[in-house]
Amino acid sequence: MDQKQKVTIIYGSVGGNTHLVVERVSTELGKNNIETVLVKSLSADASNIEGSNLVIFASPTYYHGLLEDHFAVFISKLKLENISGLDFAIIGLGDKKYDSEYITESAQILEDFVNDNGGNIVMNSLRINGYPLAKEKLITRWAQKLAKKINQE
Ligand SMILES: Cc1cc2nc3c(=O)[nH]c(=O)nc-3n(C[C@H](O)[C@H](O)[C@H](O)COP(=O)(O)O)c2cc1C
């Protein structure tokens with residue numbers, strides 16, 4: 001039997017929305033025989049992403065286009081060798097009622113970070129504008145597409 005693919009999901013969440021999204025994604029990947037490990041940004045470091053087939057970075061946007069605080073600290077400590085050559089997928093949350101100019105900007109920040117450090121983003125980022133449970137279908141479809149990509153490798 002093929003060895004299970006392992007996905008590490010590093011996420012930051014202040015109000016719980018991003019947590020909801022990564023739980024849904026994790027459930028969907030699990031249904032597709034993919035093992036997931038969820039790590040909160042507050043306690044994440046480079047060792048968490050070692051040995052993963054793919055890493056998901058998930059952060060909400062706060063304060064006019066910034067990452068969640070602990071996520072910003074986490075990525076500031078990562079080095080090129082932690083990212084380079086590794087497969088990634090990105091989840092960014094936001095809400096246009098807080099800022100119409102920087103909607104889900106966290107996804108853009110994380111995409112730029114991964115690209116600048118030689119990582120490989122395997123598909124379009126999941127951007128959630130507004131309350132995530134109103135976007136369940138979008139989340140499920142995105143996770144199913146990601147599962148397909150991972151299992152094709
Ligand atoms: C103080 C504050 C600032 C925010 N700034 C932005 C922003 O600049 N851009 C955006 O798209 N969403 C912004 N948001 C919306 C959050 O990103 C959104 O509510 C998200 O779902 C929160 O995720 P969490 O519950 O996982 O923390 C802001 C929310 C708050 C409370």
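Residues: numbered from 1 along the sequence shown. Just follow the structure's listing: the first ligand is 1, and inside any ligand the first atom is 1. Computed from a predicted structure; not experimentally measured.
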Run the side-chain contact (heavy atoms from CB on, under 4.5 Å) test against Y102 and tell me which residues pass, sequence neighbours left out. H64, D99, E105

May I have all residue pairs that pass side chain to side chain donor-acceptor pair (under 3.5 Å) and include part of residues 43-52, sequence neighbours excluded? T8-S52, D45-S47

Using a distance-only test with no angle check, is there a side-chain donor-acceptor pair under 3.5 angstrom linking S106 and E68? no

For the pair F74 and F57, name the ring-plane relationship: parallel under 30°, tilted 30 to 60°, perpendicular over 60°. perpendicular

Just the distances, no angles: every ligand 1 N or O to protein N or O pair closer than 3.5 Å, one line each.
| residue | atom | partner | partner atom | Å |
| --- | --- | --- | --- | --- |
| ligand 1 | 5 (N) | Y63 | N | 3.3 |
| ligand 1 | 8 (O) | H64 | N | 3.1 |
| ligand 1 | 8 (O) | G65 | N | 3.0 |
| ligand 1 | 9 (N) | Y102 | O | 2.9 |
| ligand 1 | 11 (O) | D95 | N | 3.1 |
| ligand 1 | 11 (O) | Y102 | O | 3.2 |
| ligand 1 | 11 (O) | T104 | N | 2.9 |
| ligand 1 | 12 (N) | D95 | N | 3.0 |
| ligand 1 | 14 (N) | T61 | O | 3.2 |
| ligand 1 | 17 (O) | T61 | N | 3.3 |
| ligand 1 | 17 (O) | T61 | O | 2.6 |
| ligand 1 | 21 (O) | N17 | ND2 | 2.9 |
| ligand 1 | 25 (O) | G15 | N | 3.2 |
| ligand 1 | 25 (O) | G16 | N | 3.1 |
| ligand 1 | 25 (O) | N17 | N | 2.8 |
| ligand 1 | 26 (O) | S13 | OG | 2.6 |
| ligand 1 | 26 (O) | N17 | N | 3.3 |
| ligand 1 | 26 (O) | T18 | N | 2.8 |
| ligand 1 | 26 (O) | T18 | OG1 | 2.7 |
| ligand 1 | 27 (O) | V14 | N | 2.8 |
| ligand 1 | 27 (O) | G15 | N | 2.9 |
| ligand 1 | 27 (O) | Y62 | OH | 2.6 |

Here the side chain to side chain donor-acceptor pair (under 3.5 Å) pairs for residues 115-125, sequence neighbours left out, are D87-N120, E111-S125

According to a 4.5 Å side-chain heavy-atom criterion applied to Ile, Leu, Val, Met, Phe, Trp and Tyr, with indirect links allowed, do I90 and Y11 form part of one hydrophobic cluster? no

